[in-house]
2 protein chains.
Amino acid sequence: MKNKSKVSEPIQPCAVDYAFKRIGGKYKARILWYLNLKTVLRYGELSRTLPDITTKMLTQTLRELEDDKLIIRKMYHEVPPKVEYSLSDTGQELIPFIAHLHNWGKKQIANELLAHQTSQDERTARVCQNECGLD
Amino acid sequence: MKNKSKVSEPIQPCAVDYAFKRIGGKYKARILWYLNLKTVLRYGELSRTLPDITTKMLTQTLRELEDDKLIIRKMYHEVPPKVEYSLSDTGQELIPFIAHLHNWGKKQIANELLAHQTSQDERTARVCQNECGLD
DNA sequence: CTGTATCCGGAGTGATACTG
DNA sequence: CAGTATCACTCCGGATACAG
């Protein structure tokens, strides 16, 4: 049933596309996921949780998430500075989706390992022990 | 040949990250979504459904999805040529997740329109640029 | 501790023309 | 109809240094 472009109501963009633009960044889903698991995280904690991210990207990503009202930035004017990030209600609504994605990903990784097991035994152990530390 | 969608690196950091790499392309989620709604789509139909995609990107994206075993490509050796795309079982498993994302996106768009009703003209133009007629 | 500023290379994307 | 091929360009993201 595709009731589209009725003049009376605003034209709907592709909601999937819209949503993906909001959380499609390289680290966004991961950050949201970690924030969900830990409730609240400081800048340095996030930095350590994502070892492969640079300060520039982390700051930039956090800003975008904040601008999109997906996370809340709480700043303490202290010395030394302290900033805490947490999920907003809107961001919270994305958790089931990320959880589903997470489960799917784990399943796919497992299947991939099985498929390559004959020639990649060594790799298995390494891969399995290297997770994001917050699974 | 790019392996953006193929995750075959020795170390796999995080399931969320892994999953996003496989379906995080600019059009992948949308294509999967349309395939779910329509069950089966031909190349030209997809092209018309995504007005903003070029033939190059469409072909490239379809190839990646096929290589990742998320969609099935059925080719008829006829004249004129005919190719049909449909979801694979693995791809099917992603539908609940995309559905959730879709609902979330629709909700966000609605909120955005409400919040910015005063500047509706500008906002509408932006929102409408990716209308997809398959909501 | 929590960021900014700057430079830069390359992946990702687009426009156009061509083909079986 | 269903793609390929080529060139060009943007801009994401990394490295590094610096700042409040």
Side-chain angles (χ1 to χ4, degrees), chain A residues 14 17 20-31 34-35 38 40-68 71-86, chain B residues 1-9 11 13-14 16-18 20-31 34-35 38 40-68 71-86 129-130 132:
Chain A
C14 180
D17 186 48
F20 243 87
K21 284 180 180 171
R22 286 287 171 276
I23 62 168
K26 187 172 181 179
Y27 303 97
K28 288 189 178 179
R30 288 165 76 185
I31 290 179
Y34 300 152
L35 282 178
K38 290 292 190 178
V40 61
L41 283 171
R42 297 184 56 181
Y43 186 92
E45 293 174 317
L46 279 168
S47 183
R48 264 171 269 120
T49 309
L50 299 128
D52 55 331
I53 199 174
T54 60
T55 59
K56 171 192 168 184
M57 287 311 300
L58 179 54
T59 300
Q60 179 179 308
T61 305
L62 289 170
R63 287 282 175 282
E64 291 176 7
L65 289 172
E66 189 194 359
D67 291 344
D68 278 347
I71 65 172
I72 297 170
R73 182 172 185 268
K74 190 171 182 182
M75 196 171 165
Y76 300 83
H77 290 280
E78 304 172 350
V79 176
K82 175 181 173 184
V83 182
E84 288 180 345
Y85 295 93
S86 58
Chain B
M1 161 166 340
K2 58 213 302 225
N3 64 342
K4 161 193 133 178
S5 59
K6 198 73 184 136
V7 183
S8 52
E9 299 169 16
I11 300 294
C14 172
V16 173
D17 189 45
Y18 170 92
F20 243 88
K21 283 180 180 170
R22 283 184 68 167
I23 60 167
K26 186 172 183 183
Y27 304 97
K28 287 189 179 180
R30 288 165 76 186
I31 290 178
Y34 300 152
L35 283 178
K38 291 291 189 175
V40 60
L41 283 170
R42 298 182 57 179
Y43 186 92
E45 293 175 317
L46 280 168
S47 183
R48 264 171 269 121
T49 307
L50 299 125
D52 55 331
I53 199 175
T54 60
T55 59
K56 174 191 167 185
M57 285 311 299
L58 179 55
T59 300
Q60 180 179 307
T61 305
L62 288 170
R63 287 282 176 279
E64 291 176 8
L65 289 172
E66 190 193 358
D67 291 343
D68 275 349
I71 65 173
I72 296 170
R73 182 172 185 269
K74 189 171 182 182
M75 195 170 165
Y76 299 84
H77 290 279
E78 303 172 352
V79 176
K82 176 181 173 184
V83 182
E84 289 180 346
Y85 295 93
S86 58
Q129 69 182 2
N130 279 322
C132 68

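Both backbone and side-chain heavy atoms feed into the values below; hydrogens, waters and symmetry mates do not.
- The C1' atoms of five pairs define one axis at each end of the helix from C:dC1-D:dG20 to C:dG20-D:dC1, and these two axes lie 60° apart (to 10°).
- By the 4.0 Å N-to-carboxylate-O rule, A:D67 lies too far from A:R63 to be salt-bridged with it.
- Side-chain atoms of B:L65 and B:Y85, non-hydrogen and from C-beta on, never get closer than 4.5 Å to each other.
- Residue A:R73 has no polar side-chain atom (N or O) positioned under 4.0 Å from OP1 or OP2 of C:dT2.
- The NZ-P distance, from B:K26 to C:dG12, rounds to 13 Å in whole Å.
- Comparing atom distances between the A:T59 side chain and each of C:dG3, D:dA2, C:dC1 picks out C:dG3 as nearest.
- OP1 or OP2 of C:dG3 has not a single side-chain nitrogen or oxygen of A:R42 nearer than 4.0 Å.
- The B:V83 side chain lies nearest to D:dA2 when the options are D:dA2, D:dG14, D:dT4.
- Proximity of B:L58 to B:I31: side-chain heavy atoms (C-beta onward) are separated by under 4.5 Å at one or more points.
- Taking atom NZ of residue B:K28 and atom C1' of nucleotide C:dG12, one finds them 12 Å apart after rounding to whole Å.
- One can place CZ of A:R63 at 14 Å from C1' of C:dA5, the figure rounded to the nearest angstrom.
- Rounded to a whole Å, the CD atom of A:E45 is 13 Å from the P atom of C:dG3.
- B:E64 has its CD atom 12 Å from the C1' atom of C:dT13, to the nearest Å.
- When rounded to the nearest whole Å, the span between CD1 of A:I53 and P of D:dG14 equals 7 Å.
- Of the N and O atoms on the side chains of A:Y43 and A:T55, not one donor lies less than 3.5 Å from an acceptor on the other residue.
- As a whole-Å value, the separation of B:L46 CG from D:dC1 C1' is 13 Å.
- A ring-centre distance under 6.0 Å is not found for B:F20 and A:Y27.
- The side chain of B:Y85 contributes an N or O atom lying less than 4.0 Å from OP1 or OP2 of D:dG3.
- Contact annotation: the side chain of B:R22 never approaches that of B:K28 to less than 4.5 Å [non-hydrogen atoms, C-beta and beyond].
- In terms of phosphate contacts, B:Y27 brings a side-chain nitrogen or oxygen within less than 4.0 Å of OP1 or OP2 of C:dG14.
- Side-chain contact check for A:V83 versus A:L62: every heavy-atom pair is 4.5 Å or farther apart.
- With rounding to whole Å, A:L62 atom CG is found 7 Å from C:dG3 atom P.
- Mapped onto DNA chain D by nearest heavy atom, B:K82 and B:K56 fall at different nucleotides, with B:K82 at the one closer to the 5' end.
- A donor and an acceptor atom sit less than 3.5 Å apart, one in the side chain of A:T55 and one in the base of C:dT4.
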